[in-house]
Amino acid sequence: MAELKVGDRILLLDEDGFLDNAADWDEEVAHVLATTEEVELTQEHWDIINYLREYYAEFGVAPMVRKMLKDTGKKQSEIYTLFPSGPGKGACKIAGLPKPTGCV
Amino acid sequence: MAKLPKKDELLQHKFDVPKTDWMDTPVEFKPGTYCYGAKAKNLEIVNFPNARDWSPEDEDWKLPEDWKGTIIEGISDYMSKYRSFRLFMDVCVRCGACADKCHFYMGTGDPKNMPVLRAELMRSIYKRYFTTSGKVFGRLAGARDLTEDVIKEWWYYFFQCTECRRCSVFCPYGIDQAEITIMGRELLNLLGLNTDWISGPVANCYIKGNHVGMEPQAIMSNIEFMIDDIETITGKRINPSFNRKGAEILFVAPSGDLFAEPGIFTCMGYLMLFEQLGLDYTMSTYASEGGNFGFFTSNEMAKRLNAKIYAEAKRLGVKWILGGECGHMWRLVNQYMDTWNGPADFLEEPISPITGTKFENAKSTKMVHITEFTADLIYHNKLKLDPSRNDHLRITYHDSCNTSRGMGLLEEPRYIINKVCNNFFEMPEETIREKTLCCGSGSGLNAGENMELRLRGGFPRANAVKYVQENHGVNVLANICALDRASFPSLMDYWVPGVEVMGVHELVANALVMDGEIERTLDLRCEPLPEKGVKSDV
Amino acid sequence: MKVWFSLLAVIILALTAWVGVEILHLNTLFGIIIPYTAIAVFIGGFIIRVVRWGKSPVPFCITTTCGQQQSLPWIKQNKIENPTNTWGVIWRMVLEVTLFRSLFRNTKTEKIEDKLVFGSAQWLWFGSLVFHWSMLIILLRHLRFFLNPVPGLIIGLESLDSFLQIGVPLLYITDVLLVAALTYLFLRRVMIPNIKYISQIADYFPVLLLLGIAASGILGRYVYGVDVAAVKELTMSLVSFKPTTSTTIGTIFYIHIFLVSSLAVYFPCSKLMHAGGIFLSPTRNLANNSRIERYINPWNYEVEKHHYSEYEDEFRDKMRKVGLPLEKE
Amino acid sequence: MLEKVLYGSKRYYTWIVFLMIIIIFGFTAYLEQFNTGLGITGMSRDVTWGLYISQFTFMVGVAASAVMVAIPYYLHDHKTFGPIVILGEFLAVAAVIVCMLFILCDMGQPTRFLNIVLHPTPNSVMFWDMCVLLGYLLLNLIIGWTILGADKKGISAPHWTKVLTYIAIPWAVSIHTVTAFLYAGLPGRYYWLTAIMAGRFLASAFAAGPALLIILCLILRKYTSFKTSKEAIQSLAVIVTYAMIANVFFFLLEVFTAFYSNIPGHMAALQYLFVGLNGHNNLVPFMWTAAILAFLGIGLLLVPSMRRNEKVLTIALAAVFIAAWLDKGIGLVLAGFVPNSFERVTEYIPSSTELAIVLGVYAIGFLILTILYKMVVAVREQSMVEH
Amino acid sequence: MYNSRKIIIGLVIFVLVAAFPFFINVGKTAQPLQLSLNTPTINQLEKKECIESADYMRANHMRMLNEWRDQVVREGNTVYTSSSGQKYEMSLENNCFQCHSNKSNFCDSCHTYSQVDPYCWDCHNGTKGAGLKQ
Amino acid sequence: MNRRDFLKVIAAAGIGGIVVMEGLDDFRVEAAEMNKDSNALQAKHWGMVIDISKFQKPEDIQRVANACHQYHNVPDIKDPKHEVKWIWKEDFEHAFAEMESKYLSEKIKTMNFPVLCNHCEEPMCVRVCPTKATFKRPDGIVVMDYHRCIGCRYCMAGCPYGARSFNFIDPRPHIGMMNHDYPTRAIGVVEKCTMCVERLNKGLKPICVEVSRGGIIFGDLNDPNSEVRKVLRSNFAIRRKAELGTGPSVYYVIGGDEEGA
């Protein structure tokens, strides 16, 4: 299993680089995760990340992409500009959310 | 994650065979063609053996101590439980009729994806340990020893079969590779060998009620979101009910329809239809999954997950159950549910409250397919439809493997599509109905890490879509399966750009004229409808 | 290699009979003991195999549906390919067993540049149909050696089969068809790379053995001139359990019945059991009526479930928050 | 592709059942003939060949006519014939099978029919006829089947089909030429002993065959989704016109040669056909009907405005077809035996059993044709399915 | 066993079919084939032997006759020299039927027993006493 | 398996088969010798001269025909359409239609001619037969192999002499007195005069010659010293339809000792 070195912490990642344990997340982790995605975090990124964190805290899953766009007022293309791997594999990963599964 | 190859790279394969005998050709784990191993935490949730974190790339798969005995005992056990297993091990004559029927073979050219040879992976072990000829003559009789490499090969190829049953249609003895795959996966699960993509949803579904892992408030939030959109489109605020006792009908949809595009448009379709009918129905957050990844794991797990539907129907005191557009869900409803968790004697034989039609074919399960329900409505003129709203769409229809070869639901969706659209085109006949080609991602293979395999497996289907795209300008691939809706968009983008994926009830709702609705200018995707009479480019 | 091995096996079998009769003069062994044993093994083995299958239940109704299900009354059901009652199943089985319905569907997938195309491919269907039907007619025809007087039906069948006035004794059309069909089935196994790849000794051997049987029979009839009356005296003595041997019958006949005996013994422990197996195939012999009538799994057992109460316990607060009805407030 | 044959409309099934009934009827009649011998027919020691052989002769012409579509399409790139080439090929297949069945029906010892192959006799024209017919059957079957198979797959047919097609063109000519040689080489049969026999055969074939093909196309157009273009039909009709003119012209050459030379042997058969001989005049009404229909057909076809009217065209084609049939399918073979070697006239009237067998054989032909055309229609339909 | 009723019925049918010859002949004695050599000509023979050994003739007479036919009709050869050096006319009527004048008790009985129906009789009508085959 | 391996298999199977065959071969009787009868009459070109003067009365021909037909089990079928005949009576204007003349003497007009197969030198029936069922022997006789005849009747269309008959119906019921030393014919085959080859093979002359009381002279046309040649040298003889080039081997001498017509 892959590992992520954040400061002196060693965090476990899954095969796709998602945090194995969502509770490990903090802002410092986000920065390190962002480097694996080759993203420099700006305020715009943080808006999305914070939105995802809040949503996840309340609902236990990532939001539907459509809902995320509506709630953040961003277009899909803008999300892709911010997170080249897309809302799921990019934004959710940096925000420390787990991968979505099932028939989706 | 493996990088996606270019189209012509994927198309380089030929239908030929390696120089070495298949027993001497070791399995090669090529990135992009297999899923991650099951995580310990997910197996633990459902109490599966040998839960541990591992990777298929590892040399050591951390098999339990007596793995060999477990497998052989397992084979013996399943032989005594399943006649199909024993029979299918015995009667194959290797005529090869199935060989080129498998979409994975067509897409990879890997001879071990010929159903006959995939079955032989298991059969060779059966012969070695259960037949005299195999014990005495060994390899001369087509038998081989059970080794860790065999287990790895099993894992690779039994999770490279979507249990679509296409081979079974062509087999002169009806040998169903799906049955052998199912047994293979049962055996592998005895050793804790599953894929992450299956074990995750199984664990989710077991605890939270659906594969995606949506908790009740998440479901409600998603529905709320859809209701908002419906209001924007129709001007009507609708009010679906959840977990309501005393409703007439329990509606169960695949959870994909509650969560992701384009499934949510199909879900909006259901909601709009029910609203227009004034149907007395409820949905459940506990039984919020029609699909059943347990079926891709073991018979027992499938039964455990499936039990929720009847249990919830009983708790809520409904009369009967209506099922949404889902593929393997319906194979299970048709062939397994009543046997597992029946008899559903607490329910009534389903009668459509709108038309009074008695659904004779669901007398025992008490569960009706939504296309049966809707086709009946349309046949009795209970819906006001404006098919011209779909005039910008040129539609073809993909039969899901499970509903066509494990059920026989062929005409109902076609009837509906023909009534709600004006431009419908069939794909070549060898690729539809009982000969339909799989999306390539069924039976728990629609993960991201095995995208190359999915694209390869989906190539034959895409090839047929391309045919109608080229000949008829088709731009919509309609279907009645959540997995199709999940897997086809990426498949179409890759092979046949320009073809959108829609559930049948999205088309229905687009054409449905609701009482008191505003003049529609948007379709369910909130895209502007083209002006009347304007046809799409062909 | 597998082909050579199979061929060698058949040749050894033939030589065994030749040595046994021609050199060792074991006529009783090859004319009486082995045939009796073979038929006993065949019948006994066949029964054991079928019973063994029968001992495993069919827990689920897993029909492969190849047509429209029974649905709304105005939708035409395909009552044979997707039967809901026994008659439909019987029809389906009759079509499978007598006309190889599923094989008739066969197509050939070809990859032409970046396209997949599906062509007609009914040669396998045709070849196997010709083989099996010829085989059946030949078996029935052989009843002339086991029945006295020979019934009219067999006489009629034989005269139809020897309709063409070729050679002395008259050439049987089914002899030609059988050899042609077997040759085709053999050739496709060795010529088509994919089929060759999946083929095993267990596939080559029966084909070559059948060819050997056909060859020895044809040689006996057309080339060496076996005394059929003497053969019938032997066969009649066998079936009336008063066996006598004959020394006037040529060795080729003993080779023939030794190969047939080998086949009879080989049959129950081989893929040839598909003859019995097809009747038990659950994807074909079950009606697709499991939504109409409950299908029973004899070993169905209770499983551990995650009940609603546990679910509600876990999510009660969240459910209450979004206004979902609760069992326990 | 074979499975296409199993699914069809009610009309299709009715037609199949109708043909099956006739086939069973004909087969019963044949069993009677098989058991009691050819004495049950109207044939005799003097007229040794009757309807079977005359129908065989006529149908060889129908079979050969496929070339009239193939030549313009393959040699002259006449594109409008593209869709119907396969109809011509499959018509040839059905026609050749009918030919072979007629030969079989005519045999006194049908169980020995393979003797022709087992004891090949190159000096016999009949041996060559068997070879060319069998070859032609295989050629058309293989070409037609492969092309249709490729159509079904939506790919172009393999190159070797083109080679076979080029072989099939002279081959088509050969089948009718060799069949003409069956007759033309016999001493003492003056009506047949003529160098122009093969020419007459081909001319009448190229009139009657395409005429039938057009009628079949029109039937398909009416009852199925297979729509043959007007241009194709008109082009083919022009071929029929000139072939029929040639046919009549060749016949008139015979009349001139016989009567100007005044050789009794050469005149006798013509006299028998048109005015009767020694008081025997069974065929006279048929031949005059043929003559009238031939001129009627040519007349209607020659006038472009009438030819373009498809109703009139149908009548004209039917007239041409029937005229050719009466001339070749009845007159030609029967009159060859008149008078016999002893200058006597024996007349031939087919028996009812014989007629039943002929009907049965034609029904088999139609069944084969229906099945083959059904596959063509179904395959073509599939590539343009629109619901 | 599951579905035992159906499986047992099937197996019973199988056994009945597979062992049908045994069932039908149970209790019957196999009658050895009796060929009558009791004809005036044979009775007068000093040595009762056919043109070749009886075993050979039983198995091969049809092949021999077939060969004779081509020799006589097509080659004009009419004299057969047997392996014992004896010369015979190659003719059914003028040779075989002279001794075997009892068609029904000799030829027919064996042909019926082994169910062979040669078309020779269509023309070669057997012996004077045998009557004509219609 | 590649093509070479495949060929190897075929070859091996073939060799195996030959070995087996050889091994079993002693089981068959050695091929016996088959020869001509030493008494057989032999010639290079058998022919006949028919002396019409010996057939003044119809009974003369009838006698010959009866003898032939009885000997060969030729059926007596009344229906002219189905009748079978090997030798029979015709008058001049039908037998020699091409020589017809208005002013032919009454005597010749009423003369009876026995007609039969002409055993042509260039037999059309042999040329057209698709199975060699009818063929010409080295001694010039055109014979039928009834076992091989498929009943196509092409030979009947080809024969300009009407010498051939087809068994339209089963001949057996129409045979009056069965000659048990001679076979009958099966239904559905063509038959005709064989010039009694079965008798020649045994050293006997044809039956018609024997009963013709000198009316039919038989011999080797190739042999200048033969009787037929002697007769032909001293008499004017005609042949039927000689202009067709078939080369009939049956000659008719009209008038015998008298002056020819």
Side-chain angles (χ1 to χ4, degrees), chain B residues 11 16-17 80-81 83-84 86-87 90-91 93-94 96-97 99-100 106 111 116-117 133 140 142 165 168-174 176 206 215-217 220 242-243 286 300 303-304 307 315 334-336 338-339 342-343 361-365 372 376 405 407-411 430 434 460 463, chain C residues 53 56 58 60-62 64-72 74-75 82 100 102-103 105-107 109 114-116 118 193-195 197-203 269 271 273-274 277-278 280-284 288 290-295 297 299 303 305-306 308 311 315 318-319 322 324-325:
Chain B
L11 286 171
D16 56 8
V17 294
S80 69
K81 280 180 170 170
R83 182 179 298 165
S84 52
R86 169 158 261 157
L87 190 80
D90 282 338
V91 299
V93 299
R94 288 170 289 279
D100 57 355
M106 292 183 219
V116 48
L117 209 47
S133 61
L140 287 179
R165 310 187 100 196
S168 169
V169 168
F170 294 92
C171 175
Y173 318 115
D176 183 3
Y206 191 62
E215 295 171 3
Q217 75 282 11
M220 298 312 288
F242 278 82
N243 297 6
Y286 167 64
E300 182 175 311
K303 183 177 169 182
R304 288 165 73 184
R315 185 183 74 84
N334 186 40
Q335 301 191 327
Y336 291 83
D338 204 7
T339 306
N361 62 336
K363 215 153 60 180
S364 181
T365 45
E372 294 171 341
D376 176 62
R405 287 184 285 260
M407 186 177 183
L409 185 91
L410 307 173
E411 292 303 333
E430 291 84 1
E434 74 274 7
N463 176 72
Chain C
W53 289 328
S56 305
V58 179
F60 303 105
C61 179
I62 51 164
T64 305
T65 57
C66 299
Q68 173 62 36
Q69 64 164 355
Q70 178 190 331
S71 175
L72 299 159
W74 44 272
I75 292 179
N82 192 338
F100 306 175
S102 289
L103 214 45
R105 261 189 278 263
N106 199 16
T107 56
T109 312
D114 60 345
K115 282 206 171 81
L116 284 177
F118 303 93
N194 288 352
I195 308 297
Y197 198 65
I198 59 174
S199 293
Q200 305 177 353
I201 291 171
D203 300 312
C269 55
K271 68 165 192 175
M273 277 307 291
H274 67 260
I278 185 167
L280 279 86
S281 178
T283 59
R284 291 291 184 275
N288 177 34
S290 38
R291 280 168 82 197
I292 301 169
E293 278 172 53
R294 182 163 183 245
Y295 188 90
N297 173 4
W299 49 263
V303 293
K305 291 168 198 158
H306 190 71
Y308 176 78
Y311 173 83
F315 296 110
K318 290 171 173 169
M319 289 171 79
V322 291
L324 286 167

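Fair warning: this is a prediction, and the values are worked out from it, not measured in the lab. Letters go in sequence order (proteins before strands), and every chain restarts at 1.
If you take CZ on B:R94 and OH on C:Y197, they are separated by 14.5 Å, rounding to the nearest 0.5 Å. Here CZ of B:R83 is found 14.0 Å from CZ of C:F60. Values are rounded to the nearest 0.5 Å. In this structure, the separation between NZ on C:K271 and CG on B:D90 is 13.5 Å, given to the nearest 0.5 Å. B:L410 CG to C:I75 CD1: the interatomic distance, rounded to the nearest 0.5 Å, is 10.0 Å. Rounded to the nearest 0.5 angstrom, B:Y173 OH and C:L103 CG are separated by 8.0 Å. Note that the CD atom of B:E430 and the OG1 atom of C:T107 stand 6.5 Å from one another [nearest 0.5 Å].
Looking at C:Q68, both its backbone and its side chain come within 4.5 Å of chain B, counting heavy atoms on both sides. Only the side chain of C:L324 comes within less than 4.5 Å of a heavy atom in chain B; its backbone stays farther off. Only the side chain of C:N82 comes within less than 4.5 Å of a heavy atom of chain B; its backbone N, CA, C and O stay farther away. For C:W53, the parts lying near chain B are the backbone and the side chain together; criterion is any non-hydrogen pair under 4.5 Å. The contact between C:N288 and chain B is made entirely by side chain atoms (from C-beta outward), counting heavy-atom distances below 4.5 Å. Contact of C:R284 with chain B is made through the side chain alone, with heavy-atom distances under 4.5 Å. Contact annotation for B:A97: both backbone and side-chain heavy atoms come within less than 4.5 Å of a heavy atom of chain C.
Judged as a ring pair (Phe, Tyr, Trp, His ring centres under 6.0 Å), and not counting sequence neighbours, C:Y295 has no contacts. In this structure B:R86 satisfies the side chain to side chain donor-acceptor pair (under 3.5 Å) test with no other residue, sequence neighbours excluded.
Side-chain atoms of C:P282 and B:L87, non-hydrogen and from C-beta on, do get closer than 4.5 Å to each other. No side-chain heavy atom of C:W299 sits under 4.5 Å from any side-chain heavy atom of B:S80. Annotation: side chain of B:R165 is in contact with side chain of C:I62 (closest heavy-atom distance under 4.5 Å).
Considering only heavy-atom pairs separated by less than 4.5 Å from chain C, the leading option among B:L117, B:L140, B:D16 is B:L140. Looking only at heavy-atom pairs under 4.5 Å with chain C, the residue among B:R315, B:E300, B:E411 that has the most is B:R315. Comparing B:M220, B:M106, B:E372 by heavy-atom pairs within less than 4.5 Å of chain C, the highest count is held by B:E372. Among the candidates B:S84, B:P460, B:P343, the residue making the largest number of heavy-atom pairs closer than 4.5 Å to chain C is B:P343. Chosen from B:D100, B:D376, B:V116, the residue pairing most often with chain C at heavy-atom distances under 4.5 Å is B:D100.
The closest donor-acceptor contact from the side chain of B:T339 to the backbone of C:N297 lies at 3.5 Å or more, if one exists at all. Not a single donor-acceptor pair under 3.5 Å links the side chain of C:R291 to the backbone N or O of B:K363. Without hydrogens or angle criteria, C:T65 side chain to B:R405 main chain gives a donor-acceptor distance under 3.5 Å.
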Using side-chain contact (heavy atoms from CB on, under 4.5 Å), reason through B:N334 and C:S290 one step at a time and then give a plain yes or no. CA-CA 6 Å; B:N334 186 40; C:S290 38; 4.1 Å; yes
What do the steps show when you test C:S71 against B:L409 for side-chain contact (heavy atoms from CB on, under 4.5 Å), and what is the final call? CA-CA 8 Å; C:S71 175; B:L409 185 91; 5.6 Å; no
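Minimum interatomic distance between B:P216 and C:M319 (heavy atoms only, all atoms of both residues): CG-CG, 3.4 Å. Of all non-hydrogen atoms in C:L116 and B:N463, the two that sit nearest each other are O-ND2, 2.9 Å. In this structure, B:M407 and C:Q69 approach most closely via the heavy-atom pair O-CB, 3.3 Å. In terms of heavy-atom proximity, C:T64 sits nearest to B:S168 at OG1-OG, 2.6 Å.
Note on ring orientation: taking the six-membered ring where Trp is involved, the planes of B:Y286 and C:Y308 are perpendicular (angle over 60°, cut-offs 30° and 60°).
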